[in-house]
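Written out below as structure tokens is the structure these notes cover.
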Amino acid sequence: MSHEHHRLEQRKVRFDFADTPLHWVPGEPEASHIMNTLHLILPAGEFWFCRVYNKALPLITDERLHEDVRGFVRQEAQHARAHDSALTPYLERHGIDPTPFTKGIYWLFEKVLCDYPLGENAVTRWLQPWWLRQRVGLIAAVEHFTCVLGNWIITTRSLDNADPVMLDLLRWHGAEEVEHRCVAHDLHVHLKGSLLMRWFYMLVASGALIFLFSRSMRTLMRQDPATRYHWGFLRLWHALGKRDLLPAMGSIGVAVLRYFKPDFHPRSEGDLQVALDYLASSPAAQRAAAEIAG
């Protein structure tokens with residue numbers, strides 16, 4: 001468990017995208033759309049995180065970890081709502097229909113990765129503790145990626161001229177990913193998830209995320225006349241990463257390799273104080289705090 005423990009709070013942020021352009025990174029439609037894929041992927045995925053972790057809560061015997069997981073669930077639910085709020089007033093307003101992708105991803109999380117994907121019977125009920133550990137292991141691997149991406153978005157200066165509302169959404173989210181970076185790993189260890197299982201699910205998560213980002217990117221770009229023609233996903237990410245418009249592909253690869261160290265712990269990822277400093281200055285987070293205080 002991390003020594004940098006503090007209570008995770010839910011910041012009930014809201015964002016107004018009325019003036020946010022489709023290409024919210026000026027002159028960079030491809031970079032804008034790759035980051036816009038988060039609005040398609042994350043609502044279904046993060047609400048699934050919450051459902052899985054609520055199943056795990058009764059199994060947690062460590063009081064501090066129990067509190068951390070509850071805080072994690074509250075933050076992830078807010079992330080899902082924030083990104084979901086961008087679909088209609090932002091993407092659909094600009095003529096982008098997200099449903100060709102979102103129908104499939106909701107099926108993935110609600111049917112394939114649900115509690116009983118093969119139906120409920122005596123055998124699948126008996127397998128529930130095992131199936132819960134598998135899903136918690138997958139979430140731990142995905143959370144490593146979200147921490148790495150979150151740390152990049154709050155520290156890069158290359159996007160400082162981007163639309164301030166969308167940038168604040170991504171930086172607020174990224175800062176909270178760094179803030180709760182240890183919870184998924186600690187929960188998986190607490191539930192007796194093995195080192196080999198963590199390694200296996202990092203391989204699964206890596207392939208799954210490449211596939212989901214690629215499919216959602218195509219959904220967006222094929223509907224935008226400015227990006228009807230585009231390179232392959234990994235080639236495009238590599239080119240944008242060299243210009244610091246996305247995290248450098250090499251840095252992501254190194255971060256994945258770190259996960260395979262036997263003594264790996266997420267406390268070494270990112271800088272917690274930098275994340276907390278951004279959360280203290282985030283316009284959306286400040287408005288949310290003022291509403292609570294008022």
Side-chain angles (χ1 to χ4, degrees), residues 1-11 13 25 31 34-35 38 42 46 49 64-65 67-76 78-79 82-83 139-162 164 166-189 198 202 205-206 209 237 240-286 288-289:
M1 297 279 294
S2 171
H3 63 280
E4 300 170 315
H5 181 263
H6 67 282
R7 185 174 182 275
L8 299 174
E9 62 175 294
Q10 183 188 53
R11 301 167 181 89
V13 296
V25 183
I34 288 181
M35 286 183 275
L38 297 174
L42 293 182
E46 293 190 304
F49 287 6
R64 196 177 85 176
L65 180 58
E67 177 188 347
D68 285 345
V69 171
R70 286 175 58 85
F72 177 97
V73 168
R74 289 190 291 266
Q75 288 190 343
E76 291 294 307
Q78 191 63 37
H79 298 169
H83 285 279
I139 292 172
V142 172
E143 281 292 301
H144 180 57
F145 280 104
T146 60
C147 176
V148 171
L149 297 177
N151 184 62
W152 175 80
I153 196 70
I154 61 175
T155 56
T156 184
R157 302 273 65 87
S158 62
L159 299 178
D160 285 351
N161 65 335
M166 188 63 74
L167 187 60
D168 187 34
L169 165 60
L170 296 183
R171 284 181 167 168
W172 155 78
H173 184 173
E176 288 198 347
E177 292 298 329
V178 175
E179 182 186 25
H180 67 222
R181 67 197 187 282
C182 298
V183 177
H185 176 90
D186 290 340
L187 177 61
H188 191 243
V189 172
R198 291 199 296 279
M202 174 51 73
S206 298
L209 289 172
W237 188 300
L240 293 170
K242 290 197 297 184
R243 298 166 53 207
D244 198 33
L245 293 171
L246 289 173
M249 192 168 289
S251 68
I252 296 176
V254 171
V256 169
L257 291 177
R258 286 198 298 270
Y259 198 80
F260 288 90
K261 294 172 60 177
D263 61 347
F264 171 80
H265 193 280
R267 70 169 66 93
S268 61
E269 296 295 321
D271 188 320
L272 179 61
Q273 191 56 55
V274 171
L276 295 178
D277 289 345
Y278 184 78
L279 291 170
S281 63
S282 160
Q286 288 181 334

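What's counted below: heavy atoms across the whole structure, side chains too, no hydrogens, waters or symmetry copies.
- The main-chain N or O of Asp244 is found under 3.5 Å from a side-chain atom of Ser158 such that the two form a donor-acceptor pair.
- Across Asn151 and Val178, no two heavy atoms sit closer than the pair N-CG2, 3.8 Å.
- Residues Phe145 and Val256 form a side-chain contact, since some pair of their non-hydrogen atoms from C-beta on lies under 4.5 Å apart.
- Rounding to the nearest 0.5 Å places CD1 of Ile252 at 12.0 Å from CG of Leu257.
- Of the possible donor and acceptor atoms, one in the side chain of Thr146 sits under 3.5 Å from a partner among the backbone N and O of Glu143.
- Contact detail for Ile153 and Arg171: the closest heavy-atom pair is O-NE, 2.8 Å.
- In summary, of the residues considered (His173, Gln10, Arg70, Glu179), a side-chain hydrogen bond (donor to acceptor under 3.5 Å, both in side chains) with Gln75 occurs for Glu179 alone.
- Across all their heavy atoms, Ala175 and Ile154 have their closest contact at N-CG2, 3.8 Å.
- Counting heavy atoms from C-beta on, the side chains of Glu269 and Phe264 come closer than 4.5 Å.
- A heavy-atom distance below 4.5 Å is not found between the side chains of His144 and Pro266.
- Taking CZ of Arg181 as the start and CG of Asp186 as the end, the distance is 10.5 Å to the nearest 0.5 Å.
- How far CG of Leu246 is from CG of Leu149: 9.0 Å, rounded to the nearest 0.5 Å.
- Shortest non-hydrogen contact noted between Asp160 and Leu167 is CA-CD2, 4.3 Å.
- Between the side chain of Asp68 and the main chain of Val183, no donor-acceptor pair closer than 3.5 Å is present.
- Side-chain atoms of Ser206 come within 3.5 Å of backbone atoms of Met202 as a donor-acceptor pair (strictly under, hydrogens ignored).
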_Candidate pair Leu169 and His83, rule side-chain contact (heavy atoms from CB on, under 4.5 Å), full reasoning_ = CA-CA 8 Å; Leu169 165 60; His83 285 279; 4.2 Å; yes
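- In this structure, Val25 and Met166 have side chains that are not in contact, with every pair of non-hydrogen atoms separated by 4.5 Å or more.
- Glu9 and Arg7 are not joined by a salt bridge, as no carboxylate oxygen comes within less than 4.0 angstrom of a charged side-chain nitrogen.
- Put simply, OG on Ser282 and CD on Glu176 are 9.0 Å apart, with the number rounded to the nearest 0.5 Å.
- Contact between Pro247 and Trp237 at its shortest, heavy atoms only, is O-NE1, 2.9 Å.
- Nearest heavy-atom pair, Gln286 versus Ala280, reported as atom, atom and distance to 0.1 Å: NE2-O, 3.1 Å.
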*I would like to know whether Glu76 and Glu177 meet side-chain contact (heavy atoms from CB on, under 4.5 Å); could you show each step before the answer?*
CA-CA 9 Å; Glu76 291 294 307; Glu177 292 298 329; 3.1 Å; yes
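- Partner Phe72 forms a ring-ring contact (aromatic ring centres under 6.0 Å, His included) with one of His79, His180, His185 and no other, that one being His180.
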